[in-house]
Structures are given as structure tokens and as C-alpha cells.
Amino acid sequence: QVQLVESGGGLVQAGGSLSLSCAASGRTFSGAAMAWFRQAPGKEREFVAALNWNGVITYYADSVKGRFTISRDNSKNTVYLRMNSLKPEDTAVYYCAGTLATRLVLTTDAFAYWGQGTQVTVSS
């Protein structure tokens, strides 16, 4: 079992930066692939970024590639999302997710563990 709690959301102006954290509890965290998803009002939840258990392999949605960086510190049971050059269209609730599956699939139904979400608002 993995329990996830996000933090770090807030209000930022376009062009600014924000860092999100996802604190995990549970002894299986170091073996879990982790990801960030987001959901804007009236839209489906979408993939943002993911990384494998040791952080060596990363994946990004095209919309955030080059602006966002996902990382993890297994010694602290924490996953991070650094967001630079933020745009108003990045406004959403951001969710941390985890999976113990050996094959990583970047869809919401592939992740068994979810945090409660943290709001990110980017003003123009």
C-alpha cells in the first residue's frame, strides 16, 4: 500500500515557477513508479509526467516537455514536480499517483494509488 499527500500548489503569474511535492508513506514506495496528472475544470484528468522506481527513466506530456521536471528522492519517500515558465493553461488540480505494476502505462487507470490533489492557478 502507498498513501500519497501532495503539497506546494498555489497562485502564480504566467512565466513564473512552482514546485509540487508528493509525500508517500508505505514500505513499497521505493519500488513504485510515480506520476503527476492534472485535471482542469470541465476536462478529463490528463497525464503530465512520470518516472520509474529509481528515477532514471522519465516521461513527459508534450505540453510540458522542457518546462516541467519530475524527480524523486527515495530516501525521503517524496516525488517532486518542478514547473517553470508556467502558462494559464497549466491551471488545474495536480494529482500525484503511484503504481507497483512492472509495466508502466501512462493512463489514469494504470495507477492504483492517488493523492487528494493540490490546486495550481496561473494568472495571465
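Remember, predicted model here, so these are calculated numbers, not experimental data.
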Nearest atoms (heavy-atom pairs only) where Ile70 meets Thr58: CG2-CG2, 4.0 Å
Backbone N/O of Asn74 and side chain of Ser30: donor-acceptor pair under 3.5 Å: no
Minimum heavy-atom distance Asp90-Ser85, with the two atoms named: OD2-O, 4.4 Å
Strictly below 4.0 Å, N to O, side chains only: are Asp62 and Lys65 in salt-bridge contact? yes
Tell me if a side-chain donor or acceptor on Gln39 pairs with a main-chain N or O of Ala92 at a distance below 3.5 Å. no
I need the minimum non-hydrogen distance between Tyr95 and Gly115, along with the two atoms involved. CD2-O, 3.7 Å
Heavy atoms only: give me the nearest Ser21-Tyr80 pair and the separation to one decimal. OG-CD2, 3.5 Å
Grab the two heavy atoms, one from Ser124 and one from Ala14, that are nearest each other, plus how far apart they are. CA-CB, 4.3 Å
Between Arg82 and Ser17 (side chain of the first, backbone of the second, donor and acceptor by atom type, cut-off under 3.5 Å), is there such a pair? no
Close side-chain approach of Arg45 and Trp114, heavy atoms under 4.5 Å: yes
Any link between Val64 and Met34 through a network of hydrophobic side chains (Ile, Leu, Val, Met, Phe, Trp, Tyr) touching at under 4.5 Å? yes
Counting heavy atoms not belonging to Gln116, are there more than 12 under 6.0 Å from its CD? yes
Closest contact, heavy atoms only, Thr78 versus Ala23: OG1-CA, 4.3 Å
Which word best sums up how the rings of Phe111 and Phe37 line up, parallel for under 30°, tilted for 30 to 60°, or perpendicular for over 60°? perpendicular
With Arg72 as the cation and Phe29 as the aromatic partner, state whether NZ or CZ is under 6.0 Å from the six-membered ring centre and within 45° of the axis. yes
